[in-house]
Structures are given as structure tokens and as C-alpha cells.
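Read through the structure below, which is laid out as C-alpha cells, and then see the notes.
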Amino acid sequence: MLVSIADVLPHSPLRAAPLRLPAGPLVVDLGVIGPGKVGSALLTQLRLAAPRLLRECNLQLRLRAVSDSRHMWLDCDDDALNSRIHGAQTWRPTALNEFAAYVAGRGDNVAVLADCSASDAVAEHYAGWLGAGIHVVTPNKRAASGPLDRWHRIAQASNASGARLHYEGTVGAGLPVVQTLRDLIDTGDELLSVEGMLSGTLAWLFNRFDGSQPFSALVRQAHEMGYTEPDPRDDLSGVDVARKLVILSREAGLPLSLEDVDVRSLIPAFLTDCDRAEFMDRLDELDAPMAALLTEARASGGVLRHVARLHEGRASVGVQVLGADHAFAHARLTDNVVRFATRRYCDNALVVQGPGAGPEVTAAAVFTDLLRVAGAMGVKRCA
């Protein structure tokens with residue numbers, strides 16, 4: 001039987017409006033969904049920062065529950081949850097609305113769910129959670145780039161309850177890309193175009209791809225280091241970058257959907273439908289076409305870069321040959337580079353640049369969003 005969040009919390013309306021800061025610490029009850037690479041990094045960052053946040057900011061972060069795709073651990077199951085998540089002795093099958101209700105409790109504290117998965121099924125719950133007054137912080141791109149009707153339902157639920165969805169980590173990992181664009185729009189600026197290298201994974205790959213190693217070997221290295229999505233095809237196909245471009249377009253008020261983006265994939269058609277394990281086994285089949293692209297770039301004195309563009313409502317994503325003097329030719333390692341041309345920044349675009357991949361920086365973006373929720377509730381900024 002399907003259970004809605006309303007069924008689980010029928011008598012526990014959460015306070016949606018900002019709380020009056022109590023004499024004691026502001027308590028934020030937290031549930032983490034997806035304790036993979038990003039989720040585990042977030043749990044470590046929370047544990048290390050919690051004493052300082054309590055001491056200096058009067059903010060108490062309480063980890064109440066953790067869930068993966070099959071199991072959930074609640075702190076009523078195991079008192080040692082906070083120190084040994086994967087060692088919890090008691091678990092129960094995952095039921096996300098019950099999980100959310102447990103984190104929310106009686107509504108006495110601020111409740112936040114950190115969705116560190118890449119799951120569309122989890123994103124389906126956002127509207128219900130927000131409508132119940134539970135804040136959501138996430139690097140999961142599925143909600144902000146998914147179907148427009150669902151995105152509208154999420155916005156309506158947030159507006160009705162006052163609970164907020166924050167998703168800085170969806171576009172630039174730890175870089176302030178979404179917030180920068182939001183600040184421009186909120187202060188009356190107008191977005192004219194976006195051009196950028198929006199994938200730290202693809203930036204790293206093309207910075208390293210010089211012919212000395214097969215392209216497939218570099219992809220495997222990136223996957224092992226946690227730079228890629230769980231299925232590297234989400235990076236190599238350009239779909240992950242296209243989702244980021246959709247997110248930025250929606251922030252600017254353009255109702256773009258994923259199917260509106262012209263995406264030029266690096267994945268041959270015969271490898272698009274196999275399962276992930278088979279794709280990883282056949283990665284070397286990418287080597288010949290990628291070597292041909294590299295030869296083409298060198299023949300013109302250029303470099304290969306993966307570029308996303310949004311201009312006059314038209315969006316495109318794909319590998320391009322750029323001149324050696326192009327600004328994107330000099331990006332380093334996993335750097336994302338995002339250039340916002342706006343009415344104010346028309347002669348010289350506003351640039352945000354820095355590392356755009358890796359569990360640590362992505363987790364830090366989620367943590368920052370969590371602190372934004374606490375800040376809206378009146379918690380002072382730490383020194």
C-alpha cells in the first residue's frame with residue numbers, strides 16, 4: 001500500500017514560517033538519503049563541524065536517520081547511529097515517507113532531508129515533503145531538471161508551506177553557480193546568455209586526454225575517483241550537463257526542458273541501451289572515435305573541450321574544438337567555468353570558476369544549503 005506523507009503526519013503540522021530563536025540552541029533534525037560517496041562525505045563533514053556549530057553558532061545538528069535504496073536506519077533502532085551508520089545492528093526496509101516522518105518527529109524542531117542520491121524516485125517525494133514543512137537540500141538534479149509539471153508542484157508546495165528546496169550542488173558541485181545567478185535575477189538583472197564547461201568530469205577528461213592514454217583508461221580513472229555519475233554515460237552522453245543547463249535556464253525564468261537541449265553525445269548508439277556493467281566492460285570501444293576527434297583538434301591547432309551554451313532560448317551541449325587562446329582552453333583539472341552574460345555584465349561576462357567534481361566539494365555544497373536553512377531560522381553566521 002502506498003503511504004503519503006500526509007498519512008504519516010496527519011496531526012503534526014510543521015512550522016513553515018521562520019522560528020523565533022530560542023534561548024537554547026536551534027535544533028535541526030536531519031535525515032540523509034543516499035550514503036554513497038557524496039552522502040558519506042557529508043556525514044563526515046557534519047560530524048566534524050557539529051561541535052563548532054553548537055559552540056559558536058548555537059546550532060545543534062542532530063542526525064536522525066540514514067537511508068539507502070533498500071534499507072533505512074533510524075536512531076531509535078540503534079543508539080550508535082551517529083558514529084557508525086553502516087554498522088547499525090537493526091535495519092528496516094526503506095519507506096521514504098515513514099523515513100521523512102521520523103526525521104520530522106512532532107514538528108518541534110526544524111526538519112531537513114539531505115537527498116544525496118541521483119534518484120528520480122526520491123525526487124518524486126519532494127513536493128509532499130515540502131508541503132509537510134520539511135526542508136530539502138540536495139545535489140540531485142532530477143527535480144530541478146525533471147518534468148516541468150513536477151517542478152511547478154514542488155514550487156507550489158514550497159510556497160504554500162514556507163519549507164525550502166536548496167540545490168546549489170546540482171550545477172557546479174561546490175561552486176556558487178545557482179546562488180550567483182539567483183542573486184543577479186533577484187536584484188533585477190537579466191540573463192542574456194550562459195556559456196560554460198559545466199562538467200568537472202568532462203573537464204578533467206579533456207584536460208588529460210592528450211593521446212598518451214586511451215580515452216577509456218581516463219574514464220575508468222575518473223569513475224574510481226568519484227568524479228563521474230554512478231553511470232558514466234550520464235556524463236559522457238552530455239545528459240548530466242544538459243540537466244545543469246536546464247536548471248540554470250529555469251532559474252532565469254525560461255521554461256526549458258531536457259528535450260529542448262541539443263545534446264551531442266559521446267556514446268555510440270550501440271552502447272546506449274546495455275546495462276552499466278556491460279558498458280564499463282566495453283569502454284575501449286570509445287577509444288577510436290575519440291582519438292579521431294583529438295587528431296582533428298590538433299590539425300587545426302586547437303583543443304577539445306565540452307561546452308554548454310544557452311543563448312536566445314536555444315540550448316546546446318557537446319564537444320567542440322576551441323582555439324588554443326580561448327579562455328576555456330586554460331581551465332585546469334576538474335574546473336568548471338561558467339560565464340554569465342547579463343544586461344549588467346554585457347561587455348565583460350561574470351565568470352565563476354573552480355573545481356566542479358568530487359564528493360568532498362559536492363557534499364560541502366549540500367552542507368552550505370543546510371546552513372542556509374538554519375540561517376533563515378535565525379541562526380547567526382559563525383566567525
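All values below come from the heavy atoms of this structure, side chains included, with hydrogens, waters and symmetry mates left out. One-based numbering along the sequence shown.
Ring orientation note: the planes of Trp129 and His125 are close to parallel, at an angle under 30° on the 30°/60° scale. Using cut-offs of 30° and 60° on the angle between ring planes, the pair Trp151 and Tyr167 is perpendicular.
In terms of modelled atom types and a separation under 3.5 Å, the side chain of Asp262 and the main chain of Val317 share no donor-acceptor contact. Panel note: side chain Thr362, backbone Pro359; no donor-acceptor pair is recorded below 3.5 Å. Judged purely by atom type and a 3.5 angstrom limit, Thr342 has no side-chain atom pairing as donor or acceptor with the backbone of Leu191. With hydrogens and angles ignored, the 3.5 Å screen pairs a side-chain donor or acceptor of Asp189 with a backbone N or O of Arg344. Between the side chain of Arg233 and the backbone N or O of Leu271 there is at least one donor-acceptor pair closer than 3.5 Å. Between the side chain of Ser40 and the main chain of Lys37, no donor-acceptor pair closer than 3.5 Å is present.
Using a cut-off of 4.0 Å between Lys/Arg side-chain N and Asp/Glu carboxylate O, Arg372 and Asp369 are scored as salt-bridged.
For the salt bridge (Lys or Arg N to Asp or Glu O under 4.0 Å) condition, the pairs that include at least one residue of residues 143-170, sequence neighbours left out, are Asp120-Arg150, Glu124-Arg150, Asp149-Arg153.
One side chain, Asp287 or Ser216, offers a donor N or O that lies under 3.5 Å from an acceptor on the other.
Here His311 pairs with Ser193 under the side-chain contact (heavy atoms from CB on, under 4.5 Å) rule; sequence neighbours left out.
Grouping Ile, Leu, Val, Met, Phe, Trp and Tyr by side-chain contacts under 4.5 Å, direct or through others, leaves Leu148 on its own.
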**Message:** The test is side chain to side chain contact (heavy atoms under 4.5 Å, CB included); show your working for Phe99 and Ile33 and say whether it passes.
**Reply:** CA-CA 9 Å; Phe99 178 88; Ile33 301 168; 3.7 Å; yes
